[in-house]
Structures are given as structure tokens and as C-alpha cells.
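The figures that follow rest on heavy atoms only: side chains count, while hydrogens, waters and symmetry mates do not. Chain naming here is simple, since letters A, B, ... match the order of the sequence lines and numbering starts at 1 in each.
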Protein chains: 2
Amino acid sequence: MESGGLPDIASLSALIADPSRAAMLTALLGGIALPATDLARQAGVTRQTASAHLAQLVDGGLLRREAQGRHRYYSLANPDVADMLESLALLAPRAPIRSLRMSHVATALAHARTCYDHLAGMLGVTLADRLVQDGLLAEAEGHWLLTAHGREVLTAWGLDLSRLERGKRPLIRRCLDWSERRPHIAGALGAAITERCLALGWLVRIPGGRGLRLTPVGHDGFREVFGLTLDVEAPGTGHTASAV
Amino acid sequence: MESGGLPDIASLSALIADPSRAAMLTALLGGIALPATDLARQAGVTRQTASAHLAQLVDGGLLRREAQGRHRYYSLANPDVADMLESLALLAPRAPIRSLRMSHVATALAHARTCYDHLAGMLGVTLADRLVQDGLLAEAEGHWLLTAHGREVLTAWGLDLSRLERGKRPLIRRCLDWSERRPHIAGALGAAITERCLALGWLVRIPGGRGLRLTPVGHDGFREVFGLTLDVEAPGTGHTASAV
DNA sequence: AAAACGCTTCGCCGCCTGACGAACTGATCC
DNA sequence: GGATCAGTTCGTCAGGCGGCGAAGCGTTTT
């Protein structure tokens, strides 16, 4: 039997309900650890208030803290937290655009971003669509399954699929994208694809957020390997927008 | 392109963060519509405060209101809301047991409950385990697929699978159970199984909550059709516990 | 050793929000 | 038509919580 007691979703939600804490959590959806001062800046509060918020989030089990010298790096405690945040994002109302900067951030994120450790945004769903169309993934009863052809292509691209399958993590999960409202590829495969794209320099992280930028190398790579033609960048957004 | 703007997960969470509202939402996870007074009682507040809370929840898109005479029935707006609530429950801290009554409610819910429209709790995961073991469901890459054998047995039991497959809803989804931390069957099939169990009188709803009670008929039914031997009821909890 | 830096703790202030009593609307029952 | 009941609106009050300035702690740098 479990530890008993009913889940207290109110206190968990209260943890996320504060705008500053929510901003920190979404910033950490980029999948990388960030120091306290960075998170304070992104949330728009002073260091001391950020510190209090971060303590609460660690206490509530949403964040993990890791000390490194005089820095303390914070990151999401586990993939379940990311799933939960994404399921909230799917139903959450859209914040009204208040500034040109916000609009830039929003379009950059809608274009390409990470969802903890896999690709999301237009890039994520277009890639998924393409893999299904080209028969690398097969759709069955609402799931995606890797085909023999898909296994071949992805192995040739450099993924070690047998290693992924040995892990306890599901190979493929469909994750509903909040900006596109269509599914992209999550699970172990989704993480591996992202990792490979970053390693190959096809994508680079936009500093301080979840946004991704497609490089010219990536443009050619996606076309040659997956037959996918993408815009390299929406004009002018790439450098200024430090996506939330 | 979408309506633009970033998802405001803070304000959505704030909607759920209040204990009274959270209690109402979890009560509605039973899958049936409830009038305002019932929800007020379950949340432990007066009618007028409940009314204010319910207005907020409807406004936030989480609940649907339906007038019927002088009653107003409230229910979850859509299955996505239920998914979101369950993903919160999975990570939420467990409320400490404060009374004998709370303990009864907790054990009743852990035993068998609905998760919006499918079976959860020990019953839900045991049934899923059994279907996999007996080859009605096949596991592939972390998904469940219906086998020919499964199709046969479930059709013989009275499910119209072809109708379910025509719908846009995924046939099978694995839903992580917060009390067992193992998956049970969600999706169109999960809903159909629950519906059939209620129609056959195998299970009855414990009034005013999400709890389910296994009937003697159900005991025999699960044994004969699925080879599953279950306790009819944890002693003494069935009648008093009006599960939250 | 002193200075700089990253982060946290403490104390106080101001606002937001949930709670109820009372009064009102509209449907149902006899 | 009067009584009853479900539900909502209004006004008021109190508790909780996030915000920052100031001060403290430990690490790194010169």
C-alpha cells in the first residue's frame, strides 16, 4: 500500500500560482540548470525574493538545487514536472501581448523551442508530421510506433536505438504542443533527437530561455536527412529575443 | 498561426490553488455533473462562497455550467481538464490523515474510483495488468495495443470497438495512477469499459464522489470474463464513506 | 587580509483574496 | 398566492503572502 492520504493538488497549484515562480519554472523548461540570479532577472524580481521563491519550489519537490562553488544551479526535479507544466500550458489562457519584445519572444518560442528535453513548437510538430508521412513512424490506435524504415534512417543518422530501448523510459510519447495544438515527439526518442540536433550544431539554444535557433547547417541537414525545408529564422528575432 | 501570446500558467494554477476550488474540481473528477449546493458541502463552505468559486472556474474554462430548472449542474469542461488535474495529483504532496473518516475515504478511493470517465485505483491497474498478462493488450514501445484476442473478448463482452475507433479520440491511453503509481487504461476504451461495468451493475458509484463499489455481481463478472478475483469490499467502508 | 560576488535570512509593509451575513432573484410546490 | 428552496450579489472583515531594504554568510579573487 502507498503512503496513504489524498493528493493535495491545491498546495501544489499554489506553488505554481505565483507569477514569479511560474516564470522561473517555464524558464527551466528549457531543460538546462540556471543560477539563482538568472532566474531572478527572468522573473523580474530582486535576488532576495527570488531566493525565497526558489526555496519554496525546492521544498515542494518541483526543483532540484545543485551547489557549485558560490553558485547554486536550479533545474526541474524530474521529467514528470515538465509533463505537468506542459499540461497546464495547454489549458492556460494566453497572456495578452504587452510589448514588442514580448511579441518577439512569443513568435520565437512558437517557432522552435525545447519542451524540457524534446523539440516543440512549429519545428517539433512539422518534424513529427514528416516522419509519419515518410513512414518512419506508423500511427496505430493513437500511438506512434517506429517502423523498420524509421529505425534504419535514425540509426544511420547516429542514434543508438537499442540503448534507448533498454532504458525504462518509453521510447515514444506523443506530447500535445500548446502553440500548435498538434502532437510532437516526446519520450526517449524525442530527447535523443534533440540531443543529436544540438550536438550536430543544427540547432543552438537562444541564451536564457527555452528558445532554439535553426542554423544554416541545420537548414541543410533537415533537408538532406529528413527532406524538411525550414526557414532559418524569422527576420530579426534571433539575437535580441532572450526567450522566456 | 495561433492566437499568439504565451500561456499564463500562473493564473490557471491560481484557479486551482484554492482549497475549496480544488475540492470541487476533484469531486467533479467523478465524471458526473453536480449541483452547486453539493459542491459547497463537499468543499466545506457556504453556498455563497461556493457560488463565487464556481463562477471563477466557469470563467476560467475549467467547468461547464448547465441550468436545469432551479438547479445548476456543474461538470468538468472537457477531458483535457481531467488529464491536467490527474497530472497534478501525481506530483502533489499527500495530505496528512486527520480523521477516521478521511482515512476511510482515502482507502475507498485507492481501492476503486473513476478518473473522469475511466477506471482507476487498485481495480484499474489490476485490470490493466490482467489484460496485458492474458494477451488482450500487447505492450510495444511503452504503448498498449489491442490484440486480435483482445478484440474478440471485448466484443463478446458487449463493446462496439469499431464505433470507438471511428471517433477521433485515441482508443487506448496509458494513464498513470496516482495511488498505485502504475498505469491504468484511459482513452476511448477505458471510458467504454467503465460504462459497461456500470451498465451491467458490476460497479456502482459511491454517492457524492469519485469512489466506486464492487457489487457481488461484479465480483462474479470480473472472475468469469477476465479471470480476475477481487475483494467485494474493504470491510465497513462502503456505506459511510462518501468519497471526496 | 581585504574586497568582490552569489546567495540567503530577517523584518516590515501593502495588497489581494477568501470567508460569511444579509439581502435579492427566480423556479417549484401546495 | 404564499412558502420554500437553489443560487447569486453585495458589503465588510481579517488573514496570508509577495515585495523590497538591510544585514549576514560562505566562496572566490587579488
Side-chain angles (χ1 to χ4, degrees), chain A residues 8-28 32-60 62-75 77 93 95 207-208 244, chain B residues 8-28 32-60 62-75 77 92-93 95 207-208:
Chain A
D8 182 5
I9 65 171
S11 65
L12 175 60
S13 303
L15 220 50
I16 311 168
D18 179 80
S20 307
R21 287 195 294 267
M24 295 173 178
L25 288 169
T26 52
L28 291 171
I32 54 179
L34 296 172
T37 305
D38 269 30
L39 292 167
R41 189 180 43 76
Q42 293 214 22
V45 291
T46 58
R47 287 186 215 81
Q48 54 271 34
T49 47
S51 181
H53 286 311
L54 290 167
Q56 288 183 65
L57 290 170
V58 170
D59 212 54
L62 294 184
L63 296 188
R64 172 202 318 276
R65 180 185 0 221
E66 206 170 340
Q68 235 176 69
R70 58 182 165 184
H71 298 268
R72 305 211 178 151
Y73 283 90
Y74 291 88
S75 56
V244 171
Chain B
D8 182 5
I9 65 171
S11 64
L12 176 60
S13 304
L15 220 50
I16 312 169
D18 179 80
S20 306
R21 287 195 294 267
M24 294 173 180
L25 288 169
T26 53
L28 291 171
I32 53 178
L34 295 173
T37 305
D38 269 31
L39 292 167
R41 189 179 44 77
Q42 293 214 23
V45 291
T46 58
R47 287 185 216 84
Q48 56 272 32
T49 48
S51 180
H53 286 311
L54 289 167
Q56 288 183 65
L57 290 170
V58 170
D59 211 55
L62 295 184
L63 295 188
R64 172 203 317 277
R65 179 181 6 216
E66 206 170 338
Q68 236 175 69
R70 60 180 165 184
H71 299 268
R72 304 209 181 154
Y73 284 89
Y74 291 88
S75 56

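The interatomic distance linking Arg41(B) (CZ) with dA6(D) (C1') rounds to 15 Å, in whole Å. dC5(C) atom C1' lies 16 Å from atom CD of Gln68(A), rounded to whole Å. Summarising the geometry, the separation between CG on Leu15(A) and C1' on dC17(D) is reported as 13 Å, rounded to the nearest angstrom. Protein atom CE of Met24(B) is 12 Å distant from nucleotide atom C1' of dG18(C), rounded to whole Å. Leu54(B) has its CG atom 13 Å from the P atom of dG18(C), to the nearest Å. Going from atom CG of Leu34(B) over to atom C1' of dA6(D) covers 15 Å, rounded to whole Å. Protein atom CZ of Arg65(A) is 13 Å distant from nucleotide atom C1' of dG6(C), rounded to whole Å. Per the geometry, CG belonging to Leu39(A) stands 13 Å off C1' belonging to dG6(C), to the nearest Å.
Among the protein residues, Tyr74(A) comes within range of the sugar-phosphate backbone only, with heavy atoms under 4.0 Å from sugar or phosphate atoms but none that close to a base. When heavy atoms are screened at a 4.0 angstrom cut-off, Arg47(A) is found touching base atoms of the nucleic acid.
Side chain of Ser51(A) to main chain of Arg47(A): no donor-acceptor pair is present (N/O by atom type, distance under 3.5 Å, no hydrogens or angles). Not one N or O on the side chain of Arg21(A) forms a donor-acceptor pair closer than 3.5 Å with the backbone of His53(A).
Checking dT8(C), dA19(C), dG6(C) against the side-chain heavy atoms of Ala36(A) singles out dT8(C) as nearest. In this structure, of dA19(C), dG6(C), dT9(C), it is dT9(C) that holds the atom nearest to the side chain of Ser51(A). Side-chain proximity of Asp18(B) to the nucleotides dG18(D), dT8(C), dG18(C) is greatest for dG18(C). Candidate nucleotides dT9(D), dG18(D), dT9(C) were compared by shortest atom distance to the side chain of Gln48(B), and dT9(D) ranks first.
Atoms CG and CG, from Leu54(A) and Leu25(A) in turn, are 9.0 Å apart once rounded to the nearest 0.5 Å.
Residue Arg70(B) places no side-chain N or O under 4.0 Å from the OP1 or OP2 atom of dT4(D). At dG18(C), none of the side-chain N or O atoms of Ser20(B) fall inside 4.0 Å of OP1 or OP2 (strictly under the cut-off). Between His53(B) and the phosphate of dT17(C), there is no side-chain N or O to OP1/OP2 separation shorter than 4.0 Å. Taking only side-chain nitrogens and oxygens, Thr49(B) comes nearer than 4.0 Å to OP1 or OP2 of dC20(C). Using a 4.0 Å cut-off, no side-chain N or O of Thr37(B) falls inside it from OP1 or OP2 of dC5(D).
Comparing Arg72(B) and Thr46(A) by the nucleotide of DNA chain D whose heavy atom lies nearest to each, the residue mapping closer to the 5' end is Arg72(B). Between Gly44(A) and Gly69(A), the residue whose closest nucleotide on DNA chain D is further toward the 5' end is Gly44(A).
Closest approach of Pro93(B) and Ser11(A) over heavy atoms only: CG-OG, 3.6 Å. When every heavy atom of Ile32(B) is checked against every heavy atom of Leu28(B), the shortest pair comes out as O-CD2, 3.6 Å.
Of the candidates Leu39(B), Asp38(B), Leu57(B), Tyr74(B) forms a side-chain contact (heavy atoms from CB on, under 4.5 Å) with just one, namely Leu39(B).
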